[in-house]
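Below is one structure, written out as structure tokens, with a few remarks after it.
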Amino acid sequence: MTPFTENVIHIIRSIPEGKVMTYGQIAALAGSPRAARQVVRVLHSMSRKYKLPWHRVINSQGKIALSDDESYHEQLFSLESEGVEIGLNGVIDLKKYQFNPEE
DNA sequence: GCCATGGCTAGTA
DNA sequence: GCCATGGCTAGTA
């Protein structure tokens, strides 16, 4: 496993309940600002094995990125049950819910 | 080495 | 357009 991948895993693991992070944000913290899609790959291949809180990762618009209907709703439900509010337009208020480790 | 993959993203002819 | 991976292939040894 490469350092980048390890970083990504650690970062995702560090997201507290009720908070979210962005693909790009995670990539940047892991040391490669434009590697957002690699974060996606990590999520795909390692979520289960490393028990990652995959549902706490959303896109920069503050939206759930999953296209599959069932997965989308699973993520929606997981977030709501942690207290994250999702607007009718499907948007999560990043100002309110985004996790910033560097604080 | 090449190439597809992929739940993206900044910036805007 | 970006770019880190994994899988696969041609082409050497």
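In what follows, chains carry the letters A, B, and so on, assigned in the order in which the sequence lines appear, proteins first and then strands, with residues in each chain numbered from 1. Here the structure is a predicted model, which means the values were calculated and not measured.
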Any donor-acceptor N/O pair, A:Gln75 side chain to A:Val57 backbone, under 3.5 Å
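Yes, because the side chain of A:Gln75 sits within donor-acceptor range (under 3.5 Å) of the backbone of A:Val57.
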Please, what dot-bracket string fits DNA chain B when only Watson-Crick and G-U pairs with both distances under 3.5 Å count, crossing ones use [ ] and pairs to another strand use |?
||||||.|.....
Working to the nearest 0.5 Å, report the span between CG of A:Asn100 and CE of A:Met21.
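A:Asn100 CG to A:Met21 CE: 7.0 Å, rounded to 0.5 Å.
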From CZ (A:Phe99) to CD1 (A:Ile11), nearest 0.5 Å:
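Taking CZ in A:Phe99 and CD1 in A:Ile11, the distance rounds to 10.0 Å.
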Residue pair [X] / [Y], side-chain heavy-atom distance below 4.5 Å:
| X | Y | value |
| --- | --- | --- |
| A:Tyr23 | A:Leu43 | yes |
| A:Met46 | A:Ile9 | yes |
| A:Leu66 | A:Glu74 | no |
| A:Ile26 | A:Val8 | yes |

Judged by each residue's nearest nucleotide on DNA chain C, which is more toward the 5′ side, A:Met46 or A:Arg37?
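Whichever sits nearer the 5' end wins; that is A:Arg37.
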Side-chain donor-acceptor distances from residues 80-96 of chain A under 3.5 Å, at least two apart:
from    : atom 1 : to      : atom 2 : distance (Å)
A:Ser81 : OG     : A:Phe77 : O      : 3.2
A:Ser81 : OG     : A:Ser78 : O      : 2.8
A:Glu82 : OE1    : A:Gly18 : N      : 2.9
A:Glu82 : OE1    : A:Arg56 : NH1    : 3.0
A:Glu82 : OE2    : A:His55 : NE2    : 2.8
A:Glu82 : OE2    : A:Arg56 : NH1    : 2.4
A:Glu85 : OE1    : A:Lys96 : NZ     : 3.0
A:Glu85 : OE1    : A:Tyr97 : OH     : 2.9
A:Asn89 : OD1    : A:Val91 : N      : 3.2
A:Asp93 : OD1    : A:Lys95 : N      : 3.1

Would you mind classifying the nucleic acid contact of [X] as base, sugar-phosphate or nothing, using non-hydrogen atoms under 4.0 angstrom?
| X | value |
| --- | --- |
| A:Tyr23 | base |
| A:Ser67 | nothing |
| A:Thr5 | sugar-phosphate |
| A:Val39 | nothing |
| A:Thr22 | sugar-phosphate |

Where chain A begins and ends its contact with DNA chain B, read 5' to 3' at 4.0 Å from heavy atoms:
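Contacts span B:dT5 to B:dT9, reading 5' to 3'.
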